[in-house]
Visitor: 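Before I ask anything, let me first share the structure, which is written out below as structure tokens.
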Protein chains: 2
Amino acid sequence: MHKKITIKDIARLANVSHTTVSRALNNKSRIKNETKEKILAIASELNYQPNFIARSLVMNRTKTLGLVITTIANPFYTELSQGIETTAISLGYNIILCSSNYDLSAEKQYINMLRSKGVDGIIFTSAHMGDPNIIGLAEKGFPAILVNRRTYHPMVREKVDYVGVDNILGGFLAVEHLIKLGHKWIGVIGGSSESSVGFERLEGGKKALTTYGLKVIGDYFLEGDFLKGSGYQGGKKFLKMDEPPTAIFAANDYMALGTYQAILEEGLKIPEDMALIGFNDIEFTSMRGIELTTIGQKKYEMGALAVKTLVERIEGGKVGPSKEIILEPELIIRKTCGFHSKGYQIESKKSNDEQ
Amino acid sequence: MHKKITIKDIARLANVSHTTVSRALNNKSRIKNETKEKILAIASELNYQPNFIARSLVMNRTKTLGLVITTIANPFYTELSQGIETTAISLGYNIILCSSNYDLSAEKQYINMLRSKGVDGIIFTSAHMGDPNIIGLAEKGFPAILVNRRTYHPMVREKVDYVGVDNILGGFLAVEHLIKLGHKWIGVIGGSSESSVGFERLEGGKKALTTYGLKVIGDYFLEGDFLKGSGYQGGKKFLKMDEPPTAIFAANDYMALGTYQAILEEGLKIPEDMALIGFNDIEFTSMRGIELTTIGQKKYEMGALAVKTLVERIEGGKVGPSKEIILEPELIIRKTCGFHSKGYQIESKKSNDEQ
DNA sequence: TGTTCTTGCGTTAACGGTAACACAAAAATT
DNA sequence: AATTTTTGTGTTACCGTTAACGCAAGAACA
């Protein structure tokens with residue numbers, strides 16, 4: 001393999017010191033235009049590529065960001081990642097991908113690795129509620145940002161920025177939609193209790209119930225884990241109740257898809273016999289044959305915003321208190337909750353066991 | 001922020017030279033067990049994290065791989081990426097993610113950046129047929145591997161390994177399936193001409209036609225671009241023909257999904273009025289309401305194999321000629337091709353329930 | 001015309017590791 | 001007991017950059 005050419009090679013050919021070459025390449029002041037151009041010409045002639053490793057060592061900056069994610073297999077995260085990666089590139093940063101696969105100890109190893117490799121900052125897309133790793137980072141003042149999921153730990157809130165959707169409002173919108181369609185018995189399948197978004201969406205749902213004068217019934221709140229299987233099981237569970245709900249809000253689309261399947265398996269029709277609403281608006285939920293009503297959020301923008309905020313913090317020094325950027329969710333009406341003609345006048349839906 | 005501790009800090013505390021600390025940390029021979037343990041104790045006490053940047057500079061190895069991909073938004077690539085990332089981690093490597101978004105000049109910039117950052121090798125998941133960037137890399141003998149899509153350039157074939165599915169066989173299986181179901185008029189929507197996999201799947205399809213004594217009719221072969229839209233347009237085009245085909249093979253699932261929609265929009269039923277088969281078996285095609293018959297390939301394993309092969313080449317020196325690893329595709333029968341009364345027994349495959 | 005300021009560049013020292021080499025002391029061999 | 005080999009460690013150089021500092025020559029000012 002070709003020997004890599006360095007600034008010293010250029011220096012020799014240009015009859016200057018390697019420092020001067022460095023100055024020319026970095027467009028520093030106090031260099032004669034003539035010599036600069038000579039050096040630049042030689043550099044491009046030789047197709048010189050700077051060695052970022054060496055630069056990083058002395059500058060203590062790598063122009064690289066770590067992205068810690070549970071799994072990119074979830075379309076929600078892939079879209080988020082796209083926003084993150086594309087924006088990072090546009091700002092001159094690269095992304096090192098780290099899929100923790102829901103393993104907290106793996107996360108710790110990732111963080112150590114990333115810090116060893118000198119990343120300038122780390123993006124966490126799926127922080128656990130009391131994630132000790134993130135708390136540790138916050139204590140050290142290491143540049144990091146939380147996207148999507150957050151942590152309520154005071155130290156983290158104080159030091160680490162956050163970008164996410166208003167999950168409480170999202171949950172509210174979902175359940176409100178069901179209520180406005182005439183539902184009074186609404187089942188909710190939450191996310192894992194370690195996740196802030198699951199918790200918040202649940203809170204929003206409860207808020208909608210109380211706002212509209214409906215009771216919050218414990219049996220109608222099931223805990224899930226954001227995976228399809230738990231949506232499926234939740235659906236089955238609801239349908240086996242003496243008084244099943246007439247509508248179900250699943251805290252994400254994956255679970256909603258599982259619930260969908262459970263409902264069909266029990267011989268019920270959607271939306272006639274059971275209304276269903278999800279959360280996230282992942283690709284494919286809009287496809288024919290599914291057309292899930294759901295709560296949408298700007299995933300790509302969220303990722304983009306996260307990177308911008310993080311890079312700002314990295315490059316702007318450690319100034320300023322931490323930010324919390326909250327985006328607006330949006331109700332996306334498709335076909336799994338039925339239609340409303342005017343002002344939410346919907347055909348009242350009686351299930352057999354309604355009293 | 002805390003000052004990062006270095007081997008020199010440890011050396012001072014242990015009363016040895018920094019070289020000895022390096023020896024202890026790297027488990028080199030010729031060091032007294034006693035001193036080694038003392039050093040290791042101090043290192044873990046101080047929670048020492050090695051500086052990979054410095055190590056990389058002298059060793060000329062970063063334990064980092066570049067992943068050049070068109071977009072991770074395509075579920076095919078996300079699953080591939082998962083295999084790549086997980087395997088890389090298990091072998092001690094990190095992945096820098098580079099989404100080219102179908103832009104060849106972006107690819108060139110990515111490659112330069114990756115080389116500047118000193119990655120030990122690059123994985124290409126979607127090489128163009130005559131990709132000059134990859135040819136350049138091959139000429140320099142830089143460690144690289146092609147996954148999924150390939151290049152037929154002799155220099156690349158000679159120097160760069162390849163892992164992919166047998167797309168010719170896959171195309172053959174798809175069309176053969178349709179033929180065995182009794183179809184004689186089969187429309188094919190190919191991939192982009194810049195992609196080896198599109199070309200190969202088409203070849204396989206033609207081979208099936210001639211093998212079973214059917215004519216290869218030019219009008220029945222449309223060029224697509226692997227995106228949903230071109231599948232949709234292709235479907236429309238076929239249906240507007242005087243003699244539309246009775247079955248369509250789309251060279252990937254995304255296009256098949258588009259074709260699906262076009263068919264439904266024209267008021268036809270699948271599979272009664274039109275049979276449809278795709279390629280890749282991406283998630284969601286198995287979902288209720290779609291259940292696309294398709295050609296499956298082991299995406300995760302493909303990614304894993306690619307990383308293993310690349311790392312082998314990196315770590316084993318540049319020995320040995322290049323490898324071509326070809327995996328077997330698999331016909332996955334679901335519901336979009338229907339059943340045939342006589343002679344062709346179909347055992348339906350259980351849909352792969354995700355997560 | 002002498003003094004100060006600016007410009008342009010070279011010298012040298014980092015950054016945090018690894019590796020080649022040297023050289024005593026200890027162990028093994030004769 | 002003398003010689004050779006092995007073991008354990010320190011010294012020094014180096015990887016390819018950037019940055020602090022120094023200094024001569026020219027420009028600006030008095």
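Residue numbers start from 1 in every chain, and the chains themselves are labelled A, B, ... in the order their sequence lines are given, proteins ahead of strands.
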Visitor: Any ion pair linking Glu37(B) and Lys32(B) (charged N to carboxylate O, less than 4.0 Å)?
Guide: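 Glu37(B) and Lys32(B): not salt-bridged.
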Visitor: Look at Asp161(A) together with Arg313(A) and state whether they make a salt bridge at an N to O cut-off of under 4.0 Å.
Guide: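 Salt bridge flag = yes for Arg313(A) with Asp161(A).
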Visitor: Once you apply a heavy-atom cut-off of 4.0 Å, does Thr20(A) come out as touching a base, just sugar-phosphate, or nothing?
Guide: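 Counting heavy atoms under 4.0 Å across all strands, the contact made by Thr20(A) is with sugar-phosphate only.
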Visitor: Quiz question: going by heavy-atom distance under 3.5 Å, is there a donor-acceptor pair between the base of dT7(D) and the side chain of Ser29(B)?
Guide: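 Such a pair does not exist between side chain and base.
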Visitor: Find the distance Met59(A):CE to dA20(D):P and express it as a whole number of Å.
Guide: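 Met59(A) atom CE is separated from dA20(D) atom P by 12 Å.
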Visitor: Under 4.0 Å from a heavy atom of chain A: give me the 5'-most and 3'-most nucleotides of DNA chain C that qualify.
Guide: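 It runs dT7(C) to dG16(C).
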Visitor: Using whole Å, what does the distance between atom C1' of nucleotide dC23(D) and atom CZ of Arg30(A) come to?
Guide: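 Spelled out: CZ on Arg30(A) to C1' on dC23(D) is 11 Å.
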Visitor: Please determine if a side-chain N or O atom of Thr35(B) lies less than 4.0 Å away from the OP1 or OP2 oxygen of dT9(D).
Guide: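 Checking dT9(D) against Thr35(B), a side-chain N or O does come within under 4.0 Å of OP1 or OP2.
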Visitor: Want to settle it: does Leu57(A) or Arg23(B) sit nearer the 5' end of DNA chain C, counting the closest nucleotide to each?
Guide: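 Nearest nucleotide further toward 5': that of Leu57(A).
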Visitor: Given that Val16(B) and Ala54(B) both sit by DNA chain D, which one's nearest nucleotide is further toward the 5' end?
Guide: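 Comparing both residues, the 5'-ward one is Val16(B).
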Visitor: Hey, does the side chain of Ser99(A) reach the backbone of Asn101(A) with a donor-acceptor pair shorter than 3.5 angstrom?
Guide: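 Checked: no pair found.
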Visitor: Side chains of Lys4(A) and Asn51(A): do they bring a donor and an acceptor to under 3.5 Å?
Guide: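 Distance-only check fails for Lys4(A) and Asn51(A).
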Visitor: Is Thr6(A) touching bases, backbone alone, or none of the nucleic acid, heavy atoms closer than 4.0 Å?
Guide: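 Contact class for Thr6(A): sugar-phosphate only.
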Visitor: Would you mind classifying the nucleic acid contact of Asp9(A) as base, sugar-phosphate or nothing, using non-hydrogen atoms under 4.0 angstrom?
Guide: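 No contact at all - Asp9(A) keeps every heavy atom at 4.0 Å or more from the nucleic acid.
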Visitor: Base, sugar-phosphate or nothing for Arg55(A)? Non-hydrogen atoms, less than 4.0 Å.
Guide: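 Sugar-phosphate, no base atom in range.
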Visitor: Closer than 4.0 angstrom, basic N to acidic O: yes or no for Lys308(B) and Glu301(B)?
Guide: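 No, Lys308(B) and Glu301(B) are not salt-bridged.
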Visitor: Taking Ile95(B) as the fixed residue, which of Thr64(B), Ile89(B), Leu65(B) is the one that meets the side-chain contact (heavy atoms from CB on, under 4.5 Å) rule?
Guide: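 Result: among Thr64(B), Ile89(B), Leu65(B), Leu65(B) is the only option passing the side-chain contact (heavy atoms from CB on, under 4.5 Å) with Ile95(B).
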Visitor: Base, sugar-phosphate or nothing for Ser17(B)? Non-hydrogen atoms, less than 4.0 Å.
Guide: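 Base: the residue Ser17(B), judged by heavy atoms under 4.0 Å, touches a nucleobase.
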Visitor: Got a salt bridge between Arg157(B) and Glu324(B), using NZ or NE/NH1/NH2 to carboxylate O under 4.0 Å?
Guide: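 Glu324(B) and Arg157(B): salt-bridged.
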Visitor: Find the distance Asn33(B):CG to dT9(D):P and express it as a whole number of Å.
Guide: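 Nearest whole value for this atom pair: 10 Å.
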Visitor: Could you tell me how far apart Lys28(B) (NZ) and dG10(D) (P) are, to the nearest whole angstrom?
Guide: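 The answer, rounded to whole Å, is 16 Å.
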Visitor: For Lys323(A) and Glu312(A), run salt bridge (Lys or Arg N to Asp or Glu O under 4.0 Å): C-alpha distance rounded to whole Å, both residues' side-chain angles, the deciding distance at 0.1 Å, then the answer.
Guide: CA-CA 11 Å; Lys323(A) 283 187 214 165; Glu312(A) 228 166 67; 2.9 Å; yes
Visitor: Just checking, any donor-acceptor pair under 3.5 angstrom between side chains of Ser17(A) and Thr20(A)?
Guide: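 Ser17(A) vs Thr20(A): donor-acceptor pair found between side chains.
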Visitor: Tell me what Asn26(A) touches on the nucleic acid: a base, only sugar-phosphate, or nothing, going by heavy atoms under 4.0 Å.
Guide: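 Result for Asn26(A) = sugar-phosphate.
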Visitor: Kindly state which residues belonging to residues 36-52 of chain B come within less than 4.0 angstrom of DNA chain D, counting heavy atoms of the residue only, listed by number.
Guide: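 Under 4.0 Å from DNA chain D: no residue of residues 36-52 of chain B.
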Visitor: Within the 4.0 Å heavy-atom criterion, would you say Ile7(A) contacts the bases, only the backbone, or no part of the nucleic acid?
Guide: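 Since a base atom lies under 4.0 Å of Ile7(A), the category is base.
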Visitor: Just by distance, with hydrogens left out, do Asp9(B) and Tyr48(B) show a side-chain donor and acceptor under 3.5 Å apart?
Guide: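 No, Tyr48(B) and Asp9(B) have no side-chain donor paired with an acceptor closer than 3.5 Å.
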